[in-house]
Colleague: 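Can you keep this structure in mind? I'll have questions shortly.
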Number of protein chains: 2
Amino acid sequence: MSELAKRYDLQAELARRQVRLTRQRRLLVDVIQGATRHLDAETLWKQAQARDPSINLATVYRTLGLLKKLGLVDELDLMHLEGEKHFYEVSREHRHLHLACFRCGSIVEYQTEAFEGLQKQVEAACGFSIQIGRLEFGGLCQECRRA
Amino acid sequence: MSELAKRYDLQAELARRQVRLTRQRRLLVDVIQGATRHLDAETLWKQAQARDPSINLATVYRTLGLLKKLGLVDELDLMHLEGEKHFYEVSREHRHLHLACFRCGSIVEYQTEAFEGLQKQVEAACGFSIQIGRLEFGGLCQECRRA
DNA sequence: ATTAATGCAAAGGATTTGCAATACC
DNA sequence: GGTATTGCAAATCCTTTGCATTAAT
């Protein structure tokens, strides 16, 4: 995650929606909120286990499912750079896209008005009301291009 | 697939690149080229089996892998509307995006200059050279909005 | 006392792989 | 004859689920 701009405050959002969580789920929310890069389920699990070794991977998946359903976290594929696992990030107010480098695996984020503009155009042209959008590019980052 | 506009001619592309295929792979290429909607591996397999019952699912995956590597077919997630399976389509000259309806499962395609414009903007801003791009929106189609 | 959340282990689905048999040039 | 492809079954990876136990209100 290159910029943390305008990520939801999960605790605040959950409070606002009057969602009550158990101790383990609060811990997971805390780890997700504090993440400095895109986490897969297993990495999240391991980070949570450092604070509570009894946490189970199934609980991680169930909590992620809940947060997805609430629209508080987004699930990413990141161009399937590492198998078919998913990655998770805290939702934001504005859309951003992901660039994945096929060579070094780095992930770059980029936020632009143009993405939201494109969405509006699509909604108007296709008659869809869009709830989720995912834009991912795969290629070579600046450094790997040279090599 | 709503429009077949400017899909690659797989046979022609393979010939141009001097790629020789076995009989089974040629059959699979033929089914992929003739598809009128987005196929998952198993559906492709069943359609191919109608013409050659001895075709194996592993061969389907291996052929898809080859065509992906050659940039002749693109792999789609289609918002994971039906589990985690992938869908495949013949690559095109111009980028297009996919809209998936969460209610009825319909898939709509939309091609716009704006998508390619956005890609150029991203390449310039982030220093990436982009090879693959995938833009998917999920929401409600016109009909399902009313219901 | 209900209702919901957890751990565990097993099941699940999609895809990939090892290897012996077969097809292709 | 040598290289690439195939079939088959097993393995793999990620994720979900059933169910008995435990926690939360």
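The analysis underlying the following values was restricted to heavy atoms, covering all of them including side chains, and did not include hydrogens, waters or symmetry mates. Protein chains get the first letters and strands the later ones, always in sequence-line order, with residue 1 at the start of each.
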Colleague: Tell me the bend of the helix from dA1(C)-dT25(D) to dC25(C)-dG1(D) as the angle between end helix axes, each from five pairs, rounded to the nearest 10 degrees.
Modeller: 30°

Colleague: Do Arg51(A) and Val31(A) have side chains that get closer than 4.5 Å, going by heavy atoms?
Modeller: yes

Colleague: In residues 59-66 of chain B, which ones come under 4.0 Å of DNA chain C, going by heavy atoms?
Modeller: Tyr61(B), Arg62(B)

Colleague: Please report, to 0.1 Å, the donor-acceptor pairs under 3.5 Å made by any side chain of residues 132-145 of chain B, with sequence neighbours excluded.
Modeller:
residue: Arg134(B); atom: NE; partner: Glu75(B); partner atom: O; Å: 3.2
residue: Arg134(B); atom: NH1; partner: Asp77(B); partner atom: OD2; Å: 2.7
residue: Arg134(B); atom: NH2; partner: Glu75(B); partner atom: O; Å: 3.0
residue: Glu136(B); atom: OE1; partner: Leu78(B); partner atom: N; Å: 3.1
residue: Glu136(B); atom: OE1; partner: Met79(B); partner atom: N; Å: 2.9
residue: Glu136(B); atom: OE2; partner: Asp77(B); partner atom: N; Å: 3.1
residue: Glu136(B); atom: OE2; partner: Leu78(B); partner atom: N; Å: 3.0
residue: Arg145(B); atom: NH1; partner: Gly127(A); partner atom: O; Å: 2.8

Colleague: Does Leu28(B) reach the side chain of Ile55(B), with side-chain heavy atoms less than 4.5 Å apart?
Modeller: yes

Colleague: Using heavy atoms to find the nearest nucleotide of DNA chain D for Glu84(B) and Asp52(B) separately, return the residue whose nucleotide is more 5′.
Modeller: Asp52(B)

Colleague: Can you list, in residue-number order, the parts of residues 15-28 of chain A that come under 4.0 Å of DNA chain C, counting heavy atoms only?
Modeller: Thr22(A), Gln24(A), Arg25(A)

Colleague: For the CZ atom on Arg17(B), are there more than 12 heavy atoms of other groups (residues, nucleotides or ligands in this structure) within a distance under 6.0 Å?
Modeller: yes

Colleague: Should Ile107(A) and Leu76(A) count as side-chain neighbours, where that means a heavy-atom distance under 4.5 Å?
Modeller: no

Colleague: Would you grab the first and last nucleotide of DNA chain C (5' to 3') that comes under 4.0 Å of any non-hydrogen atom in chain A?
Modeller: dA5(C) to dC8(C)

Colleague: Test of understanding: with side chain to side chain donor-acceptor pair (under 3.5 Å), list the residues that count as partners of Asp52(B), not counting sequence neighbours.
Modeller: Arg23(B), Ser54(B)

Colleague: With the side chain counted from C-beta on, respond yes when Phe87(A) and Glu82(A) share a heavy-atom pair under 4.5 Å apart, and no when they do not.
Modeller: yes

